[in-house]
Each structure stands twice: as structure tokens, then as C-alpha cells.
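The structure appears below as C-alpha cells.
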Amino acid sequence: MKHLLKLMDLSGSEITDILNLADQLKYEKKNKIPHRHLEGKTLGMIFQKSSTRTRVSFEVGMYDLGGSALFLSAKELQIGRGEPVIDTARVLSRYLDGIMIRTFAQDDVETLAKYGSIPVINGLTDYCHPCQVLADLMTVRERRGYLEGKTLCYIGDGNNMANSLIVGGIKMGMRVVTCCPQGYLPDAAIMKWASENGKYVCTDNILDGANGADVLYTDVWASMGQEDEAEERRKVFRGYQINDDVMSVAAEDAMVLHCLPAHREEEITAKVFEAHADEIFEEAENRLHAQKAVLVKCMS
Ligand code: CP
Ligand code: NVA
């Protein structure tokens with residue numbers, strides 16, 4: 001695997017390989033078994049948006065693997081003053097062994113990979129969030145044993161999370177349901193692909209969608225870059241909340257996941273969030289292990 005630009009580029013068996021390696025790296029970390037697969041290598045981490053989990057887990061992940069990580073704020077790079085991505089790609093390729101980038105346009109990530117000569121990992125774009133979904137799949141698999149045939153129901157905005165959950169879930173043989181209001185649906189090409197390649201349902205009725213679900217998932221109503229729309233979105237998404245009513249129609253032992261950061265009483269009630277905090281924070285921890293697997297696959 002050269003890059004991780006989006007989950008659509010991976011096969012189901014490549015995703016399984018990543019999850020297996022992630023489980024192994026988690027075991028090694030917990031048991032203090034060294035796993036310095038990237039000794040002497042440096043990852044550059046370009047951030048054009050805020051981050052807590054992605055930044056810290058990639059940085060710690062590189063140290064765990066024997067390498068180092070450089071935090072590069074896009075504001076302070078020349079890229080923030082208009083230096084083209086195609087030039088940045090060729091320059092950074094001469095210093096670094098890999099790049100993680102969090103930005104707005106998916107196209108910038110693809111261009112970085114095309115013009116650079118080192119692995120590029122997508123740390124979130126407006127289009128997708130593949131690293132998060134690898135950690136999500138890892139969390140479901142470790143708690144439930146397997147993914148195939150399980151129903152994953154996403155409630156909320158048809159955003160980067162929804163797009164990656166659809167692709168990752170379908171590739172792993174899950175039944176995926178998205179409950180999004182009209183006008184805020186996931187990417188049309190991804191929905192079409194999902195309907196043609198697996199069990200995919202799109203509905204605006206959350207109680208129908210959540211019925212019997214094994215995993216309920218939600219994300220913020222206004223993503224990074226949509227702060228100006230927050231007020232309007234609060235009105236549109238009212239009702240698209242994981243709460244007791246939704247939990248009562250899901251499977252009895254349903255898991256609840258959230259990529260975080262969470263807005264209590266918006267997309268999820270504080271009560272449901274705290275009742276499932278164990279799963280949600282394990283999911284956050286698994287970012288570290290899943291990404292280390294991606295780093296090893298791409299950079300070693
Ligand atoms: N879930 C996630 O990507 O978190 P950060 O924005 O904190 O990196
Ligand atoms: N949809 C959210 C995900 C944050 C991890 C955003 O893009 O802000």
C-alpha cells in the first residue's frame with residue numbers, strides 16, 4: 001500500500017490486513033513489546049484545520065514506531081500564502097518519508113500524492129476521513145468479534161464521516177444505513193456505489209433506519225469550515241439525534257460510536273453519550289493503533 005487517500009482505494013482484504021496489524025500493535029503496546037518498524041523515519045503532518053486526536057495519535061504513533069513527526073501548520077507553511085500543492089509535494093518529498101495531511105479539498109490530497117514521491121495519508125478532508133473509520137471498524141470488530149452482516153446506522157449530516165463509513169462498512173460486508181435530511185445526503189457517487197455493491201439503505205426516518213442496528217454512529221451537525229452555517233444546521237438536524245427513543249429500537253446490545261468532538265444535546269444526548277463512553281473512548285484510543293498500522297503499511 002503506497003498511500004491512504006480514501007477507503008475506496010482499498011480492497012476489503014487490505015482493510016482486514018490493516019485491522020489485523022492494528023490489533024497486533026495494540027497488543028504489543030499494552031505489553032510493552034517494542035515495535036520500531038519506522039526507525040529513523042520522519043512524518044510531516046500538515047494541518048489546515050484543528051485537531052486533537054489526529055495530531056496527537058499520529059505524533060505518538062511515529063514515536064512508538066521509532067520515528068519522528070513534524071507538526072506543520074498550513075497557516076505557517078508557504079502553502080498558506082499560495083505556494084502550489086504540486087511544488088510543496090516535490091519539496092517535502094526530499095526531506096520527509098511520509099506526509100499526513102488534514103485539509104479541505106480531497107483534490108489537494110490526491111495532488112500531493114501524485115506530484116510527491118513519498119506516501120501520503122489523508123487525515124481528513126471535506127470528502128472523507130479514512131483513518132477514523134479504520135479505528136471505528138477496529139473497535140466494532142474487537143468488541144463484537146466480526147463485522148460481516150452487522151448493521152451500522154449513521155444518523156446526521158451526510159458528511160466526510162458518512163462517506164467513509166459507507167465505503168468502509170460496505171467493503172467489510174456490513175449492512176449500512178444512513179439517516180440524513182434531504183439536501184444533506186452523503187456523496188451521490190458513494191451512495192450509488194454502495195447500493196450496487198452491498199446492502200445499503202438511505203432514509204430520512206431515523207426510527208426506521210435505527211431499527212435493529214448493531215452500531216449507531218453520529219457526528220457533529222456543522223463540520224470544520226461550516227461554522228457560519230451552525231445556526232441553520234441546528235434547525236435542519238433537530239430530530240437527527242441519538243437519544244433514548246433511537247436506542248429503544250436498536251439491537252438490545254447496540255454499540256454507540258462518535259468520532260468526536262461531540263456536542264451533547266445536539267447530535268447525541270449526554271445520557272446516551274455517557275452510557276457508551278467506554279466504547280467511544282476506546283474508539284478514540286484505537287485511532288492510535290489503526291494509524292500505526294497504516295504508517296507501517298505505507299512507510300516501511
Ligand atoms: N475524530 C477526529 O479526527 O478528531 P480530531 O479532529 O481531534 O483529530
Ligand atoms: N465531520 C467532522 C469530523 C471531525 C472529526 C468535521 O469535518 O469537522
Side-chain angles (χ1 to χ4, degrees), residues 4-7 22 43-62 69 71-74 99-109 121-140 154-168 178-181 184-187 190 215-230 232-234 236-237 240-242 256-264 266-268 273 276-277 279-292 294-295:
L4 175 59
L5 307 180
K6 54 188 180 301
L7 291 179
L43 177 76
M45 310 187 299
I46 303 176
F47 281 94
Q48 201 148 20
K49 294 176 175 173
S50 304
S51 171
T52 297
R53 283 143 288 270
T54 305
R55 191 229 161 133
V56 178
S57 55
F58 266 105
E59 192 160 336
V60 171
M62 278 306 290
F71 174 76
L72 304 167
S73 161
I99 299 174
M100 192 288 310
I101 178 166
R102 166 168 288 195
T103 188
F104 294 91
Q106 178 70 16
D107 203 41
D108 284 348
V109 179
I121 298 169
N122 183 340
L124 179 148
T125 59
D126 292 345
Y127 176 67
C128 65
H129 197 358
C131 292
Q132 178 67 51
V133 170
L134 291 171
D136 301 337
L137 295 170
M138 175 182 180
T139 310
V140 177
Y154 174 88
I155 296 173
D157 186 18
N159 59 13
N160 43 13
M161 280 312 312
N163 289 338
S164 285
L165 284 165
I166 295 171
V167 176
T178 54
C179 307
C180 310
Y184 295 84
L185 299 180
D187 180 79
I190 288 180
V215 184
L216 292 164
Y217 201 114
T218 189
D219 182 19
V220 292
W221 291 341
S223 285
M224 290 181 277
Q226 297 172 335
E227 288 78 7
D228 293 353
E229 299 170 30
E232 170 67 16
R233 283 171 169 268
R234 245 174 244 126
V236 173
F237 288 100
Y240 287 80
Q241 182 189 63
I242 300 188
V256 175
L257 296 179
H258 192 309
C259 56
L260 303 174
H263 291 75
R264 288 166 176 77
E266 290 193 7
E267 73 272 7
I268 188 165
F273 183 92
H276 292 270
E279 288 153 14
I280 293 169
F281 291 106
E282 179 116 62
E283 173 191 15
E285 177 190 324
N286 284 341
R287 292 292 304 278
L288 172 67
H289 311 299
Q291 282 156 204
K292 281 164 72 179
V294 170
L295 289 166

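Side chains included, hydrogens not; waters and symmetry mates left out as well; all remaining heavy atoms used. One-based numbering, in listed order, for ligands and for the atoms of each.
Atom CG of residue Asp126 and atom CG of residue Asp108 lie 10.0 Å apart, to the nearest 0.5 angstrom. Annotation: the span from Glu227 atom CD to Arg233 atom CZ amounts to 10.5 Å, rounded to 0.5 Å.
Asp187 contributes no side-chain N or O that, together with a main-chain N or O of Asn163, makes up a donor-acceptor pair within less than 3.5 Å. With Gln226 contributing its side chain and Ser223 its backbone, the two residues share a donor-acceptor pair below 3.5 Å. Judged purely by atom type and a 3.5 angstrom limit, Gln241 uses its side chain to pair as donor or acceptor with the backbone of Glu266.
Closest of all the heavy-atom pairs between Tyr217 and Cys259 is OH-CB, 3.3 Å.
The closest approach between a heavy atom of Asp157 and any atom of ligand 2 is not below 4.0 Å.
For the pair Phe273 and Val256, the minimum side-chain heavy-atom distance is 4.5 Å or more.
The shortest contact between atom 8 (O) of ligand 2 and any protein heavy atom is with Met224 N, 2.8 Å. In terms of protein heavy-atom proximity, atom 3 (C) of ligand 2 is closest to Asp219 OD2, 3.6 Å. Among protein heavy atoms, the minimum distance from atom 4 (C) of ligand 2 is reached at Leu124 CD1, 3.9 Å. Protein heavy atom closest to atom 7 (O) of ligand 2, with residue, atom name and distance, is Asn160 ND2, 2.8 Å.
Using modelled atom types and a 3.5 Å distance limit, the side chains of Gln106 and Thr125 yield a donor-acceptor pair.
With a 4.0 Å heavy-atom cut-off, ligand 2 is reached by the backbone of Leu260 but not by any atom from C-beta on.
Residues of the protein with a heavy atom under 4.0 Å from ligand 1 are Ser51, Thr52, Arg53, Thr54, Arg102, His129, Gln132, Cys259, Leu260, Arg287, listed by chain and number.
Annotation: Ser223 places an N or O atom under 3.5 Å from an N or O atom of ligand 2; distance criterion only.
Between Tyr184 and Phe237, the ring planes are perpendicular. Angles over 60° get that label, and only those under 30° would be called parallel.
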